[in-house]
K.L.:
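My structure is below; once you've seen it, I'll send some questions.
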Amino acid sequence: MHVAGAALIGSLVLASAAFGQSLKDEQRAFAEAQGKAAAAFDRSQKLEASAAAARDQSDQARARAAAIAARVQGAEAGIDAAEARIAIIKELRRGQRARLAAQQGPTIRLVAALQTLARRPAALTLVQPGSIDDVVHVRALLSTIVPAVQARTAGLRAEVARGRALSADADRALGLLAQSQQALLTQRNVLAALAIERRRASDTLSGTAIVEQDRALAMGEEARDIGDLLTRIGASAGVRSALETLPGPTLRPARPGDVRALPPEAATGNTPRQAPYRLPVIGQVVTGLGELSPTGIRARGLTISTRPGAQVVAPTGGRIAFAGPYRGYGNIVIVDHGGGWTTLITSLAALDVRVGDPVDQGSPVGKAGPARPTITIELRKMGLPVDITRLVG
């Protein structure tokens with residue numbers, strides 16, 4: 001009995017510890033999702049203000065698209081928060097049911113014993129020796145048991161009331177989940193309509209855009225692997241940045257010796273121009289830079305687990321250097337940030353951009369796949385991997 005009792009107590013302690021850890025995990029996920037939803041809402045507000053202040057039509061369209069994409073990501077984070085809240089309530093209800101069962105057990109056994117006693121025939125007290133004394137003893141026992149029964153049933157009533165409150169909380173959480181899902185659907189439709197509008201406005205591609213698309217396709221076919229493709233695009237971006245910083249024709253000075261050299265940053269194109277880097281999708285990082293895969297390949301970026309069909313955005317501004325399927329990576333997007341800096345985003349199910357498109361931070365670039373999708377992002381400088389975590393703002 002002592003061994004069995006110790007084993008029971010040990011199992012209850014383990015179950016309680018597991019419940020507590022599970023509840024903490026769910027609460028942490030809820031807090032993180034709420035923080036991401038609030039951050040996405042703040043981004044959408046700022047981007048909407050930028051769109052309203054923009055004078056150039058193309059800048060206004062990009063800012064508006066980024067604002068809507070931020071609202072989409074905010075709705076995704078809202079769904080994550082609602083699901084985490086539902087999971088928290090499930091854990092609390094599980095613990096509440098366990099406490100209710102623990103309190104019900106002794107009360108049920110006591111009530112069963114009293115029912116057995118109540119079914120005893122009254123005539124039996126007349127023929128059984130000592131029955132009068134037994135009745136006196138039973139009455140004395142009942143006088144001490146009834147307050148205990150009342151106290152236990154009061155505890156049970158409190159647990160039942162807590163259960164009803166948790167059920168009401170679950171109903172509210174389900175309502176918030178439905179609202180977030182409807183908001184996500186609405187914002188996705190708005191973003192899709194805006195994308196169609198933008199594409200109609202740029203259906204007639206310029207000769208430069210066609211040349212850029214052809215050159216990107218050629219680079220993709222010639223590159224040995226994705227690393228070689230990034231190196232080629234990074235080198236091309238570096239050359240383009242250097243050419244863009246070259247001055248125009250300089251007139252002959254009125255007096256010899258008046259010519260001034262360009263400042264070093266203008267000559268190298270290393271002037272920091274980008275906003276703080278950010279992750280392109282709402283989700284959880286599952287693989288970090290430098291981690292080894294089961295096949296022994298070392299990660300050159302971050303892999304993020306996200307929601308099915310999640311919105312993927314540009315981590316900072318630039319122009320699209322490559323967009324399309326590539327050798328087992330699904331659809332990929334390469335953003336040229338200038339100065340030899342490039343970002344690679346892989347495993348996209350759908351694309352929202354084409355080669356040559358300018359993008360701002362937060363501009364929609366594509367969507368994640370179905371089921372349990374992951375998105376991989378790599379930042380490179382002249383083809384060499386760079387640790388993203390130091391730059392995320």
Side-chain angles (χ1 to χ4, degrees), residues 10-44 69-104 155-156 158-188 278-288 302-313 347 349 367-376 392:
S11 63
L12 290 174
V13 169
L14 290 175
S16 176
F19 167 74
Q21 185 58 45
S22 177
L23 183 59
K24 287 179 181 178
D25 291 342
E26 298 295 350
Q27 289 172 336
R28 189 181 303 110
F30 176 65
E32 289 178 359
Q34 276 194 318
K36 290 175 181 177
F41 177 76
D42 289 342
R43 285 197 302 272
S44 69
R71 288 203 293 269
V72 169
Q73 290 191 326
E76 291 170 352
I79 292 174
D80 289 340
E83 289 178 345
R85 185 179 179 186
I86 291 171
I88 289 172
I89 293 172
K90 285 182 178 178
E91 289 296 326
L92 292 174
R93 292 180 73 175
R94 185 163 65 90
Q96 190 261 347
R97 283 194 296 268
R99 291 193 304 272
L100 190 61
Q103 291 185 24
Q104 281 177 328
L156 288 173
E159 287 294 343
V160 170
R162 279 193 285 269
R164 292 197 186 100
L166 288 173
S167 296
D169 286 343
D171 291 339
R172 285 191 291 271
L174 288 171
L176 290 174
L177 175 60
Q179 290 177 11
S180 297
Q181 289 172 334
Q182 183 59 45
L184 176 60
L185 179 61
T186 300
Q187 297 303 329
R188 279 180 174 170
R278 58 172 293 241
L279 297 181
V281 69
I282 298 289
Q284 298 294 325
V285 175
V286 294
T287 303
L302 302 180
T303 299
I304 305 168
S305 175
T306 187
R307 299 190 63 80
Q311 182 65 57
V312 184
V313 301
S347 306
K367 296 177 183 62
R372 300 176 63 184
T374 57
I375 296 294
T376 298
V392 172

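Just so you know, these numbers come straight off a predicted model, no measurement behind them.
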K.L.:
Mind listing the closest non-hydrogen atom pair of K36 and G283 along with its distance?
P.N.:
NZ-O, 2.7 Å
K.L.:
Determine the minimum heavy-atom distance between A75 and A183, stating which atoms define it.
P.N.:
CB-C, 4.2 Å
K.L.:
If you round to the nearest 0.5 Å, how far is CG of L279 from CD of Q73?
P.N.:
10.0 Å
K.L.:
Mind checking the CG-CD1 spacing from L184 to I79? Nearest 0.5 Å is all I need.
P.N.:
4.5 Å
K.L.:
Just wondering, do L185 and Q181 contact through their side chains at under 4.5 Å, heavy atoms?
P.N.:
no
K.L.:
Can you measure from CG (D25) to CD1 (I88) and round to the nearest 0.5 angstrom?
P.N.:
10.5 Å
K.L.:
Which distance, rounded to the nearest 0.5 Å, do you find between the CD of Q284 and the OG1 of T374?
P.N.:
13.5 Å
K.L.:
Within the structure provided, determine whether R278 and V313 are in side-chain contact (heavy-atom separation under 4.5 Å).
P.N.:
yes
K.L.:
Could you state the interatomic distance from CG (D80) to OG1 (T306), rounded to the nearest 0.5 Å?
P.N.:
7.5 Å
K.L.:
Which heavy atom of L302 sits nearest to which heavy atom of G288, and what is that distance?
P.N.:
CD2-CA, 3.7 Å
K.L.:
Over all heavy atoms of both residues, which pair between A29 and A84 is shortest? Give the atoms and the distance, please.
P.N.:
C-CB, 4.1 Å
K.L.:
Which atom names give the shortest non-hydrogen contact between A37 and G74, and what distance separates them?
P.N.:
CB-O, 4.0 Å
K.L.:
Charged N to carboxylate O under 4.0 angstrom, K90 versus E83?
P.N.:
no
K.L.:
Should I304 and P280 count as side-chain neighbours, where that means a heavy-atom distance under 4.5 Å?
P.N.:
yes
K.L.:
Any chance you could measure D169, atom CG, to I89, atom CD1, to the nearest 0.5 Å?
P.N.:
5.0 Å
K.L.:
What heavy-atom pair brings A349 and G369 nearest, and what distance separates the two atoms?
P.N.:
CB-CA, 3.4 Å
K.L.:
If we count only N and O atoms by modelled type, under 3.5 Å, do the side chains of Q187 and Q311 hold a donor and an acceptor together?
P.N.:
no
K.L.:
Mind running salt bridge (Lys or Arg N to Asp or Glu O under 4.0 Å) on E76 and R188 for me, showing each step along the way?
P.N.:
CA-CA 11 Å; E76 291 170 352; R188 279 180 174 170; 3.6 Å; yes
